[in-house]
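Step one of this worksheet: look at the structure below.
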Amino acid sequence: NHGASFHSQDDGVSSHVEDLAALVRSVGGKVSVIGHSFGGRVAMEFALKYKEALESLVILDISPRKFSPTEREELSTIGYIRALQAIDLSLGREWVESEILRMAGNKSLSDFFRTNLIESGGALSWRVNFPAILSSFPSNFSFDYSKSQFTGPSLVIFGTKSEFRV
């Protein structure tokens with residue numbers, strides 16, 4: 001549900017795990033999986049469900065823990081998505097880009113958000129499927145690692161300022 005890839009109404013971790021499993025089956029053999037942020041959540045779930053297909057696992061900026069409803073709501077992601085959705089894209093690129101900068105509060109974050117803004121036939125739209133991301137968001141932050149273990153080679157990396165550390 002990001003970029004130019006197929007947009008599904010199901011942005012849940014389980015759906016992405018099954019997509020990854022299908023890809024791995026088509027490749028054959030064992031694979032090493034690297035996942036960042038939400039992709040890391042998908043990679044961890046994949047490791048638990050399809051450990052026989054996994055050679056090694058690298059996780060970046062996400063940890064295998066449950067987030068309480070309060071923590072999930074406090075994550076800036078939801079607020080940013082809602083703010084981006086509220087921007088009137090019909091007012092033109094210059095206005096929209098200035099509004100993104102105002103909302104983001106800094107050029108670096110604004111530049112990141114603008115990478116998801118596309119123009120086609122003179123009309124602006126978002127490259128990401130915000131409704132699907134928002135509807136799946138709560139379930140994407142519950143993680144039950146008690147059901148299984150991946151005991152293969154693993155590396156977990158996260159920044160000291162990350163909202164998602166253990």
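What you see is a predicted model, and the numbers here were worked out from it, not measured in a lab. Side chains are part of it too, since the values below use all heavy atoms of this structure and drop only hydrogens, waters and symmetry mates.
Side-chain heavy-atom separations under 4.5 angstrom define the hydrophobic clusters, and the remaining members of the one that includes Ile34 are Val58, Leu60, Leu155, Ile157. Grouping Ile, Leu, Val, Met, Phe, Trp and Tyr by side-chain contacts under 4.5 Å, direct or through others, leaves Leu101 on its own.
Atoms CG and CG, from Leu89 and Leu117 in turn, are 6.5 Å apart once rounded to the nearest 0.5 Å. Here CD1 of Ile100 is found 6.0 Å from OG of Ser110. Values are rounded to the nearest 0.5 Å. Here the straight-line distance linking atom CG of Asp111 with atom CD of Glu97 works out to 9.0 Å at 0.5 Å rounding. Note that CG of Leu54 and OG of Ser32 are 7.0 Å apart. Values are rounded to the nearest 0.5 Å. Taking CH2 of Trp126 as the reference point, atom CD1 of Ile81 lies at 11.0 Å (rounded to 0.5 Å). For the atom pair CE of Met44 and CG of Leu48, the computed distance is 8.5 Å after rounding to the nearest 0.5 Å.
For Leu109, the side chain to side chain contact (heavy atoms under 4.5 Å, CB included) test picks out Tyr80, Ala104, Asn106, Phe112, Phe113, with sequence neighbours left out. Scored by the side-chain hydrogen bond (donor to acceptor under 3.5 Å, both in side chains) test, Ser108 finds no partners at all (sequence neighbours excluded). With sequence neighbours excluded, the residues forming a salt bridge (charged side-chain N to carboxylate O under 4.0 Å, His left out) with Glu99 are Arg102, listed by chain and number. Evaluation of the side chain to side chain contact (heavy atoms under 4.5 Å, CB included) rule for Ser125 yields Ile118 as partners, not counting sequence neighbours. Judged as a side-chain hydrogen bond (donor to acceptor under 3.5 Å, both in side chains), and not counting sequence neighbours, Ser98 has no contacts. Taking the side chain to side chain contact (heavy atoms under 4.5 Å, CB included) definition, one finds that Glu94 meets it with nothing, sequence neighbours left out. Under the ring pair (Phe, Tyr, Trp, His ring centres under 6.0 Å) criterion, Phe150 pairs with no residue at all, not counting sequence neighbours.
With a 4.5 Å cut-off on side-chain heavy atoms, Val17 and Tyr50 count as touching.
Looking at every heavy atom in both residues, Ile59 comes nearest to Gly40 through CD1-O, 3.6 Å. In terms of heavy atoms, Thr115 sits closest to Arg127 at O-NE, 3.2 Å.
Among pairs with a residue in residues 15-34, those fulfilling salt bridge (charged side-chain N to carboxylate O under 4.0 Å, His left out) read Glu18-Lys49, at least two apart in sequence or across chains.
Side chain of Arg93 to main chain of Leu124: no donor-acceptor pair is present (N/O by atom type, distance under 3.5 Å, no hydrogens or angles).
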